[in-house]
There are 2 protein chains.
Amino acid sequence: MANRFIDKIERFAPLGADDIECLAAATSTPRKFAARRDLIREGDRPGPVFVILEGWACRYKILPSGARQVLAFMMPGDCCDLHIALLAEMDHSIQTITPALVATIERQDMDAILDERRAVAKAMYMSQLVDEGIMRAWITSMGRRQSIERVAHLMCELYLRARNIGLTTESQFALPLSQLLLADALGMTPVHLNRVLKALRLSGTMTLERGSLLITDPAKLIQIAGFDENYLHRRLRVAS
Amino acid sequence: MANRFIDKIERFAPLGADDIECLAAATSTPRKFAARRDLIREGDRPGPVFVILEGWACRYKILPSGARQVLAFMMPGDCCDLHIALLAEMDHSIQTITPALVATIERQDMDAILDERRAVAKAMYMSQLVDEGIMRAWITSMGRRQSIERVAHLMCELYLRARNIGLTTESQFALPLSQLLLADALGMTPVHLNRVLKALRLSGTMTLERGSLLITDPAKLIQIAGFDENYLHRRLRVAS
DNA sequence: CGCTGGATTGACTCGGATCAAGTCGAGTGG
DNA sequence: CCACTCGACTTGATCCGAGTCAATCCAGCG
């Protein structure tokens, strides 16, 4: 049975059979969650590290006004901050988007892995650095990109991440995110997002429908987004 | 001689005399940099970890259009990602804002410290988690806050961070950031930022001039910002 | 003392928000 | 099998926050 977390981590640094076994053991008893279920809420005391094995989740914040800002999308293989247990309180919530299979790693186990398994620790730190890079890209998008560029950029990011874990076929992949959720991630209104998606569709760039994204003109999408193809993958130092 | 980095780190976890000595040694040969000098550029191979001892710096990205997005402000005591050396290439640049005193910690030294000094490692991980929290707050600001709220929120953040390291007097502190730089951080135009600052000044909330921020009505500033006072400090788990 | 880069202000434009109706499709129950 | 409902998606009309363009103003300084 595939473990998408191990698959992903393994891409960052070569792991020994015992490393893999150790990770497999740590994530061997995942739990099933329904869609739209909070795994942890803002204000909660952080517990174990969450690892998404199947399905999608997101980090988000709710503002006093009631507005929601999605901070990150988590797809199979993703996990949350390694040292999260050091904080007294979550500053954001994490919620499933689709039904999901989620493993948890307790703090001591996590610490033990990071201490004793250097290769695993290295791979996981790299993964975390990539996630930070994604956050920086989001800040850049929200601050300095027009809405159509922002949408295109996010789609590039999600496509590449999905491809990295083998979830794409050709230039298409399952993207189970409602327009409302995407709008909350992109800092725009659902109405305007809808218009932007229409424009992208009419220009023959990409089509998002029935939970699936089809990129009809990758070059154009990348050009609209001003996407730096290096940003998610080639930046990683090859085994040093 | 005060070492603002140690002062800051020490607030996160109790350190032994030997821990402090070790950090002091690691940052004992800082270098002076002029203002507006890149410490490292996007595309560069990451080197040592930078530690700002005196002065201000910022992380930023330049878009193909030439627009700049500032990703973070670094003040005395701040340092960049601990595991930065794992990446093949920087995805952003770091530049001094004012003349600055910057120490560097080589990769092996950093690894050794994180390995052997558990208290130091813990404190530094907490510091990094706080920085990540700040990034999430920035994403939230850019996505879901009006410009005046965004400005107020950033000022609250900077004030608190400055206060934490003892750089404030009453409700005032040195803020050597030009309106242009602030605009690039807030995702707005300098012209509009100027108007927002004027509005905040006229409403008796705060005044930013000649490199110094004076908060005349803290309660009002917090209220405009929708600032969660917990977000930078009380979230830290007290020595566990 | 003129130069230069930031700060300030005004006039005008525009991207995206808001408000308000629909439309469409998957369930659900009669 | 069809009416009913509910949530997500669409579309049109209008408004407004923030961007753009273009002058000044001003302080530090070579």
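A note on names: the letters A, B, ... follow the listed sequences, proteins ahead of strands, and every chain is numbered from 1.
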Across the strands shown, which category fits A:Gly187 at heavy-atom distances under 4.0 angstrom: base, sugar-phosphate, nothing? sugar-phosphate

note: B:Arg145, atom CZ; D:dG17, atom C1'; distance rounded to Å ~ 17 Å

Side-chain atoms of A:Asn194 come closest, of D:dG19, D:dC9, C:dG6, to D:dC9

Whole-Å distance, A:Met188 CE to D:dC9 P, equals 13 Å

Problem - Ion pair A:Asp44/A:Arg41, N-O distance below 4.0 Å - result: no

B:Asp184 side-chain N/O to B:Leu181 backbone N/O, donor-acceptor pair under 3.5 Å | no

On DNA chain D, more 5' by nearest nucleotide between A:Leu197 and B:Val196 is A:Leu197

- Task: Look at the side chain of B:Arg201 and the base of C:dT8, then say whether one donor and one acceptor between them are separated by less than 3.5 Å.
- Result: no

Check your understanding: Is the distance from OP1 or OP2 of C:dT8 to the nearest side-chain N or O of B:Lys198 less than 4.0 Å?
Key -> no

- Message: Base of D:dG12, side chain of A:Arg195 - is there a donor-acceptor contact under 3.5 Å?
- Response: yes

Atom CG of A:Leu181 and atom P of D:dG7 are separated, to the nearest Å, by 17 Å

Whole-Å distance, B:Leu200 CG to C:dT8 C1', equals 16 Å

Note to self: When you measure from the side chain of B:Thr96 to the backbone of B:Arg36, do you find a donor-acceptor pair of N or O atoms at a distance under 3.5 Å?
What the structure shows: yes

Quick note, B:Val191 side chain, CB onward, closest among D:dA22, D:dC9, C:dA17 is D:dA22

To the nearest angstrom, the NE2-P distance between A:His192 and D:dC16 comes to 18 Å

Closest to the side chain of B:Gln179, out of C:dT8, D:dT20, D:dA18, is C:dT8

Are any of the side-chain nitrogens in B:Arg4 or B:Glu54 under 4.0 Å away from the carboxylate oxygens of its partner? yes

Between CG of B:Leu177 and P of C:dG6 the distance, given in whole Å, is 13 Å

Taken to the nearest whole Å, CG/B:Asp184 to P/D:dG19 is 11 Å

* To do: Return no unless some side-chain N or O of A:Ser147 is found under 4.0 Å from OP1 or OP2 of C:dG16.
  => yes

request  = Could you check whether B:Thr189 gets within reach of a base, just the sugar-phosphate, or nothing at all, counting any heavy atom under 4.0 Å?
outcome  = base

Shortest non-hydrogen pair, B:Ile97 vs B:Pro176, comes out as CG2-O, 3.6 Å

Against the side chain of A:Gln146, the closest entry in D:dT11, C:dG6, C:dG15 is C:dG15

Between CZ of B:Arg210 and P of C:dA7 the distance, given in whole Å, is 13 Å

